[in-house]
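Just the heavy atoms: all of them, side chains too, but no hydrogens, waters or symmetry mates, feed the values below.
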Amino acid sequence: MTAPIEPLTPEQVLLLPAMPAVKQAFAAMNISEGTGYALIRQGEFPIEVLEFGRAKRVRKADLVSFLGLSESAAGVQSAAATDDDGAPRVQPEAPSEQSAPTHASK
């Protein structure tokens with residue numbers, strides 16, 4: 001018997017890398033490792049599993065679609081705007097403030 005996997009919230013799913021490990025997909029789907037690997041062996045896992053040597057991965061886009069989530073959720077945008085230290089970061093599409101050039105008087 002395998003230990004239960006802590007389920008992922010929709011926000012955590014949207015923050016996964018582009019090619020999450022199948023264990024992360026199991027957590028997103030709230031199924032055990034045993035069930036997940038059994039479905040993969042039987043060819044019944046609902047998302048295409050890609051194998052890279054011994055590593056098994058899924059496409060995040062497929063997982064998000066299967067779960068009926070939207071990758072443009074506001075929670076992901078606000079979470080992506082901060083780093084691990086909690087400091088806000090400038091979004092690529094956000095305008096940045098630029099100071100006006102100063103001229104030294106003579």
Side-chain angles (χ1 to χ4, degrees):
M1 185 171 172
T2 59
I5 299 173
E6 184 69 29
L8 298 178
T9 65
E11 292 80 16
Q12 290 171 318
V13 172
L14 295 173
L15 291 172
L16 289 173
M19 296 288 292
V22 292
K23 287 183 182 183
Q24 293 171 303
F26 301 160
M29 298 167 74
N30 197 19
I31 61 173
S32 71
E33 284 185 41
T35 298
Y37 283 117
L39 290 170
I40 291 171
R41 280 192 304 277
Q42 297 164 3
E44 295 182 14
F45 196 70
I47 300 169
E48 181 182 9
V49 176
L50 304 166
E51 296 186 26
F52 301 96
R54 293 182 60 178
K56 291 178 175 36
R57 305 224 176 250
V58 298
R59 289 180 188 91
K60 175 182 168 182
D62 294 344
L63 179 62
V64 167
S65 176
F66 176 78
L67 295 173
L69 301 175
S70 169
E71 288 201 61
S72 63
V76 172
Q77 292 174 352
S78 65
T82 62
D83 201 1
D84 290 339
D85 62 1
R89 302 289 180 239
V90 175
Q91 294 293 321
E93 66 276 1
S96 62
E97 293 183 25
Q98 296 180 358
S99 59
T102 57
H103 299 284
S105 57
K106 291 185 178 182

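- Taken together through direct or relayed side-chain contacts under 4.5 Å among Ile, Leu, Val, Met, Phe, Trp and Tyr, Phe66 and Leu8 form part of one hydrophobic cluster.
- Contact annotation: the side chain of Lys60 never approaches that of Met19 to less than 4.5 Å [non-hydrogen atoms, C-beta and beyond].
- Annotation for Ile31 and Gly36: closest pair CD1-CA, 3.8 Å, computed over non-hydrogen atoms.
- Evaluated for a side chain to side chain contact (heavy atoms under 4.5 Å, CB included) with Val22, the options Arg57, Lys56, Glu33 yield exactly one hit, Lys56.
- The shortest heavy-atom contact between Ala28 and Val13 is CB-CG2, 3.5 Å.
- Going from atom CD1 of Ile47 over to atom CE of Met29 covers 5.0 Å, rounded to the nearest 0.5 Å.
- The shortest non-hydrogen separation linking Phe45 to Phe26 is CE1-CE2, 3.6 Å.
- Contact of the Ile5 side chain with the Ser32 side chain is not registered, since no non-hydrogen atoms from C-beta on lie closer than 4.5 Å.
- Separation of atoms OG1 (Thr35) and CD1 (Ile40) is listed at 11.0 Å; rounding is to 0.5 Å.
- Of all non-hydrogen atoms in Asn30 and Pro7, the two that sit nearest each other are OD1-CG, 3.4 Å.
- Across all their heavy atoms, Pro10 and Leu69 have their closest contact at CB-CD2, 3.9 Å.
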- Message: side chain to side chain contact (heavy atoms under 4.5 Å, CB included) for Leu50 and Arg59? Distances and angles first, verdict last.
- Response: CA-CA 8 Å; Leu50 304 166; Arg59 289 180 188 91; 3.8 Å; yes
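- The two residues Ser70 and Val64 make their nearest non-hydrogen contact at N-CG1, 4.4 Å.
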